[in-house]
Amino acid sequence: MTLKIGTCVLAFACLVGVTCRAHAQSTEAQQLMDATNEDRAQHGLEPLRWDPALARAAQAHADQMVRHGELSHQYPGEPALVERAGRGGADFSTVAENIAVAASPQAVEAEWMHSPPHRHNILDPQLTTIGIGLVRQGDNLWAVEDFSAAVAQMDSTQIERKIEQLVAERGIRSVSASSAARQTCAMDHGFAGQRPTFVMRWEGSDLNRLPDVLDEKIGTGRYHAASVGACSSGNSGEGLTTYRLAVLLF
């Protein structure tokens with residue numbers, strides 16, 4: 001028996017109704033995602049990218065909403081959004097969620113756009129990915145839209161190279177990674193190796209900018225060399241992802 005992508009063969013559906021139900025859910029999820037991205041486009045925002053991990057978390061919560069018969073962002077015994085998104089496999093610096101029950105994807109989107117908190121999530125320029133969970137129950141469509149500011153998973157070398165580039169762009173002539181900087185990164189205070197003139201440790205999710213304090217120090221022109229080190233932030237694989245770093249200035 002042949003199935004074409006995007007179609008549901010009636011004879012097959014009679015045997016495996018779940019297949020067609022999943023197809024209907026995916027069609028409505030696409031409609032809701034399109035409506036969300038259309039609203040973002042009208043405000044000059046980039047479209048959200050589909051994240052299968054967020055979709056798994058959203059679908060699990062949509063199932064919970066139907067089971068309880070009421071709207072809530074967390075039910076007794078259910079993990080909070082950050083934890084369930086992380087368990088689903090998402091990596092992020094921020095997560096947000098919209099929930100609703102209405103007749104159609106278009107009606108769901110209209111409700112959200114007329115609700116300030118939900119509208120804020122849809123139009124948040126910091127959010128980059130989306131996952132949708134839906135359950136059709138008669139005339140009601142139970143909907144969950146999970147958003148995140150996605151964070152790339154990188155190894156220590158890749159992280160260090162990003163920071164090295166930022167430091168070099170600010171005029172430091174000699175920038176490199178070192179074992180001393182990595183050891184210093186893992187320390188709560190003090191430093192390893194040669195005494196630096198200034199030590200900066202921080203933890204964050206944005207590798208496209210340096211901390212303001214470090215930027216100001218480099219801007220003084222007093223430093224000619226820098227050593228960069230990355231170490232474990234201790235939250236790898238837990239969803240809410242941050243990077244731990246140290247820069248030694250000489």
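Numbering starts at 1 and runs along the sequence shown.
When atom types are taken as modelled, the side chain of Thr129 and the backbone of Arg49 share no donor-acceptor pair closer than 3.5 angstrom. The backbone N or O of Pro105 lies less than 3.5 Å from no partner atom in the side chain of Glu28, so there is not a single donor-acceptor pair. A donor-acceptor contact shorter than 3.5 Å is absent between the side chain of Ser115 and the backbone of Trp112. In this structure, Arg170 contributes its side chain and Gly219 its backbone to no donor-acceptor pair below 3.5 Å. Side-chain atoms of Arg201 come within 3.5 Å of backbone atoms of Thr184 as a donor-acceptor pair (strictly under, hydrogens ignored). Between the side chain of Gln74 and the backbone N or O of Glu78, at least one donor-acceptor pair lies under 3.5 Å. Under the 3.5 Å distance criterion, the side-chain polar atoms of Thr128 are matched with a main-chain donor or acceptor of Ala150. Looking at His114, its side chain never comes within 3.5 Å of a backbone N or O of Arg119 through a donor-acceptor pair. Formation of a donor-acceptor pair under 3.5 Å by the Asn98 side chain with backbone atoms of His118 is found in this model. Side chain of Asn37 to main chain of Leu48: a donor-acceptor pair is present (N/O by atom type, distance under 3.5 Å, no hydrogens or angles).
Closest approach of Asn121 to Ala96, counting heavy atoms only: OD1-CB, 3.5 Å. Here the closest non-hydrogen pair linking Ala57 and Ala85 is CB-CA, 3.9 Å.
Crowding of Arg161 atom CZ: a count of heavy atoms from other residues, nucleotides or ligands under 6.0 Å not exceeding 12. By the 6.0 Å contact criterion, CG on Asp155 is enclosed, its count of non-hydrogen atoms from other residues, nucleotides or ligands being greater than 12. For Glu46, the CD atom is loosely surrounded, since the number of other residues' heavy atoms within 6.0 Å does not exceed 12.
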- request: Kindly determine whether Leu210 and Ile163 satisfy side chain to side chain contact (heavy atoms under 4.5 Å, CB included), including the steps that lead there.
  value: CA-CA 8 Å; Leu210 298 176; Ile163 300 304; 4.0 Å; yes

Test log, rule side chain to side chain contact (heavy atoms under 4.5 Å, CB included), inputs Arg84 and Asp146: CA-CA 11 Å; Arg84 51 187 167 85; Asp146 285 347; 4.0 Å; yes

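Each of Gln59, Arg67, His61 was scored for a side-chain hydrogen bond (donor to acceptor under 3.5 Å, both in side chains) with Asp63, with one residue passing: Gln59.
Put simply, CZ on Arg40 and CG on Leu127 are 6.5 Å apart, with the number rounded to the nearest 0.5 Å. Atom-to-atom distance recorded for Glu109:CD and Thr36:OG1 is 3.5 Å, nearest 0.5 angstrom. Note that OG1 of Thr220 and CG of Asp215 are 11.0 Å apart. Values are rounded to the nearest 0.5 Å. Here the straight-line distance linking atom CG of Leu81 with atom CZ of Phe147 works out to 11.0 Å at 0.5 Å rounding.
Every residue two or more places apart in sequence or in another chain was checked for a side chain to side chain donor-acceptor pair (under 3.5 Å) with His189, and none qualifies. For Ala107, the side-chain contact (heavy atoms from CB on, under 4.5 Å) test picks out Ala102, Ser104, with sequence neighbours left out.
No hydrogens or angles considered: nothing links the side chains of Gln42 and Glu38 as a donor-acceptor pair under 3.5 Å.
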